[in-house]
Amino acid sequence: DAGVIQSPRHEVTEMGQEVTLRCKPISGHNSLFWYRQTMMRGLELLIYFNNNVPIDDSGMPEDRFSAKMPNASFSTLKIQPSEPRDSAVYFCASSFQVGLAGETQYFGPGTRLLVL
Amino acid sequence: DAKTTQPTSMDCAEGRAANLPCNHSTISGNEYVYWYRQIHSQGPQYIIHGLKNNETNEMASLIITEDRKSSTLILPHATLRDTAVYYCIVRVRGSSNTGKLIFGQGTTLQVKP
């Protein structure tokens with residue numbers, strides 16, 4: 001298995017531009033998570049989906065951030081317009097949840113975003 | 001989810017056992033203890049989890065005290081590749097809030113030759 005795949009791995013953009021981060025979860029997994037990591041705030045959960053439905057988006061910082069999961073094998077996290085304070089590493093993770101079992105989350109390599 | 005307390009940093013000699021403590025004095029009866037680690041520039045990696053019994057897998061052992069207020073992650077023979085930030089997380093499994101992993105600052109383990 002290729003694991004969780006994220007693209008791009010690195011992104012440099014200018015303030016005000018739209019940024020789209022992409023994630024392909026592990027095949028067969030039914031939950032997907034987006035995290036953000038900064039030196040100041042550590043690792044924070046932004047949003048997670050279960051069976052393609054957003055369950056908890058309370059971590060999404062503001063309306064400039066949006067996430068979609070159109071099917072079980074793809075998700076996007078979009079920032080529009082981007083700001084320098086959005087610079088961070090964004091991780092996608094997936095898991096297979098059935099009742100009480102199988103909630104181990106597998107993380108992708110991350111996308112390093114720099115907004116100038 | 002219960003709050004956890006971990007030392008900021010620890011050192012360990014290569015080949016020796018690394019014992020990483022975690023306090024979770026407000027843990028509830030239905031909350032599990034999870035350990036993840038993050039090697040520099042990589043995504044977090046699951047290590048092990050447990051409820052009240054000690055657990056062991058190919059990566060580590062987890063020792064949970066009888067009152068469940070603290071636990072210790074043991075890496076039996078630490079290698080340089082085990083240098084990472086180790087996160088102790090407590091959470092309920094199978095609840096409506098089941099997805100959330102709340103990461104603290106973790107313990108930075110430095111394995112030295």
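Since the model is a prediction, treat every value here as computed from it, not as a measurement. Every chain is numbered from 1, with letters handed out A, B, ... down the list of sequences. The figures here come from the full heavy-atom set of this structure, side chains too, leaving out hydrogens, waters and symmetry mates.
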Hey, any chance Y36(B) and L51(B) share a hydrophobic cluster, counting ILVMFWY side chains that come within less than 4.5 Å of each other, even indirectly?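 They do share one cluster, since a chain of ILVMFWY contacts under 4.5 Å joins Y36(B) to L51(B).
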Can you hop from M60(A) to V19(A) via hydrophobic side chains spaced under 4.5 Å?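 Cluster IDs for M60(A) and V19(A) match.
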Side chains of F107(A) and Q38(B): does their closest heavy-atom pair fall under 4.5 Å? no
Find out whether S41(B) and R112(A) are in side-chain contact, i.e. whether some heavy atom of one side chain is under 4.5 Å from a heavy atom of the other.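 S41(B) vs R112(A): side chains touch.
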When rounded to the nearest 0.5 angstrom, what is the spacing between CZ in F103(B) and CG in L45(A)?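 Going from CZ on F103(B) over to CG on L45(A), the span is 9.0 Å.
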Rounded to the nearest 0.5 Å, how far does CD1 of I48(B) lie from OG1 of T104(A)? 10.5 Å
Kindly state each residue pair satisfying disulfide bond (SG atoms under 2.5 Å apart) with at least one member in residues 51-88 of chain B, sequence neighbours excluded.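 Listed by first then second residue: C22(B)-C88(B).
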Return all side-chain donor-acceptor pairs below 3.5 angstrom for residues 83-92 of chain A, not counting sequence neighbours, or 'none' if the list is empty.
from, atom 1, to, atom 2, distance (Å)
E83(A), OE1, R85(A), NE, 2.5
E83(A), OE1, R85(A), NH2, 3.0
R85(A), NH1, E62(A), OE2, 3.4
R85(A), NH2, E62(A), OE1, 3.3
R85(A), NH2, E62(A), OE2, 3.3
D86(A), OD1, R64(A), NH2, 2.9
D86(A), OD2, R64(A), NH1, 2.7
D86(A), OD2, R64(A), NH2, 3.4
D86(A), OD2, E83(A), N, 2.8
S87(A), OG, P84(A), O, 2.9
S87(A), OG, V115(A), N, 2.9
Y90(A), OH, D86(A), O, 2.7

Would the number of heavy atoms belonging to other residues, nucleotides or ligands and lying under 6.0 Å from CG of D63(A) be above 12? no
Can you name the nearest heavy-atom pair linking Y87(B) to Q37(A), along with the distance?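 For Y87(B) versus Q37(A), the nearest heavy atoms are OH-NE2, 3.7 Å.
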